[in-house]
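Following: one structure in structure tokens, then a few remarks.
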There are 2 protein chains.
Amino acid sequence: MVPTAQMTSEALSQKLADSGLRNTPQREIIYSILTKKRDHPTADEVFARVKAEMPTISLATVYNCLEALVQCNLVRQVNFERGPTRYCPNLHPHAHFHDETTGSTYDIDLPPGLLEQLKSQLPVGYQASDVEITFRGHAAS
Amino acid sequence: MVPTAQMTSEALSQKLADSGLRNTPQREIIYSILTKKRDHPTADEVFARVKAEMPTISLATVYNCLEALVQCNLVRQVNFERGPTRYCPNLHPHAHFHDETTGSTYDIDLPPGLLEQLKSQLPVGYQASDVEITFRGHAAS
DNA sequence: GTGATAATTAGAATAATTCTAACAAAATAG
DNA sequence: CTATTTTGTTAGAATTATTCTAATTATCAC
Ligand SMILES: [Mn+2]
Ligand SMILES: [Mn+2]
Ligand SMILES: [Zn+2]
Ligand SMILES: [Zn+2]
């Protein structure tokens, strides 16, 4: 996989500014760590990597910087459901809609075969036993 | 939404037995609570509801029973990523493949427009700002 | 420069989940 | 049957990811 070209410091600053945030050495180095090795690291892993270059950084700052990068849409959280696990007795293949206003989670029926169709588009060698689809947004009252 | 017909105690026992598990009053009551009100409750919420009928039950048992029901495929975990959040600098719309053997997470490219197509299938009144697709399985070495 | 605002830091607090060890119930063997 | 083993429940402690707090530092606006 070809890594995406490194964003310039100025472009990073601009992206942060667009969200009312400043650029800082911590944010810059954390962003460069994420682009350097695209293995979806955890906050702790980022912490370990950044400490090698900036030994005084704190874990709280890593969390803060990652939040800033997510806020200005330079970084995605892969598992962004931070709350407790929820349980569903609906055995039909279905997706979930998470209403960010109310916190409620609703079942969403899917066209038959859609999950299998998605699985069939995986690259050769990828065997998925499960597919999870989660929508996040707002459901009209 | 029409709730699915309540499973008989015998059918529940059979499903549990298929996975080498026994039926117990705790497992039965927790399963009935999940089917009674299908609002994707958390373990804590299940705990609160079951205590009304079985005041001596413990939270650990609620977690244990939910795990048993998930194991025998009567219940789904909606947010089953229990580990730490992971971070991804890939801004293209894409899905993730989580290799359960190695714990690695890979980017999966999606056909253009697929996410929008999925969003457009939501019932009227549901406005999704985001869709997350996660495959779980095994990737060939 | 000076005060206001934003960011970083260390450490404490929180909260979901898991673990441990003891007890109880159910199945199995003799 | 009765003993033994296995499975399940329980209370409470431990773990762990994340968030909060309060103090310090850096940047910005004037
Ligand atoms: Mn979860
Ligand atoms: Mn997470
Ligand atoms: Zn559901
Ligand atoms: Zn990704």
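Each chain gets a letter, A, B and so on, in the order the sequences are listed, and its residues count up from 1.
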Short question: side chain of A/Gln121, backbone of A/Leu118 - any donor-acceptor pair under 3.5 Å? no
When all nucleic acid strands are considered with a 4.0 Å heavy-atom cut-off, which category describes A/Asn64: base, sugar-phosphate, or nothing? base
How does protein contact run along nucleotides 2-7 of chain C, one letter per nucleotide 5' to 3', with B for base contact, S for sugar-phosphate only, - for none, heavy atoms under 4.0 Å? ---BSS
Would you mind reading off the distance between B/Leu66 atom CG and C/dA16 atom C1', rounded to a whole angstrom? 13 Å
To the nearest Å, how far apart are A/Ile29 CD1 and C/dT8 P? 12 Å
Rounded interatomic separation in angstrom, taking CZ from B/Phe47 and P from D/dT10: 9 Å
Starting at CD of B/Glu28 and ending at C1' of D/dT9, how long is that distance when rounded to a whole Å? 16 Å
Rounded to the nearest 0.5 Å, how far apart are NE2 of B/His138 and OH of A/Tyr126? 11.0 Å
Under 4.0 angstrom, heavy atoms only, what part of the nucleic acid is A/Thr56 near: base, sugar-phosphate, or nothing? sugar-phosphate
Do you know the tightest heavy-atom contact between B/Ala43 and B/Val62? O-CG1, 3.6 Å
For the side chain of B/Ser58, starting at C-beta, report the closest nucleotide among C/dT17, D/dT19, D/dA11. D/dA11
Rounded to whole Å, CG of B/Leu16 lies from P of D/dT7 at a distance of 14 Å
Would B/His98 and B/Thr105 satisfy side chain to side chain donor-acceptor pair (under 3.5 Å), going step by step from the backbone distance to the final call? CA-CA 4 Å; B/His98 184 73; B/Thr105 299; 3.2 Å; yes
When rounded to whole Å, the CG to C1' distance for the pair B/Leu59 and C/dC19 reads 13 Å
Taking the side chain of A/Tyr63 as its heavy atoms from C-beta onward, which of D/dC20, C/dT18, D/dA17 lies nearest to it? D/dA17
Reading DNA chain C from 5' onward, which residue's closest nucleotide shows up sooner: A/Pro25 or B/Thr42? A/Pro25
So, taking the atom named CD1 in A/Ile57 and the one named CZ in A/Arg49, what distance separates them when rounded to the nearest 0.5 Å? 14.0 Å
Given atom CE of B/Met54 and atom P of D/dG8, what is their separation to the nearest angstrom? 15 Å
Measure the shortest side-chain to side-chain distance between A/Leu12 and A/Arg27 over non-hydrogen atoms and say whether it is less than 4.5 angstrom. no
Whether B/Asp99 side chain and B/Ala139 backbone form a donor-acceptor pair below 3.5 Å: yes
Gap between atoms CD and P, on B/Glu45 and C/dT17 respectively (whole Å): 11 Å
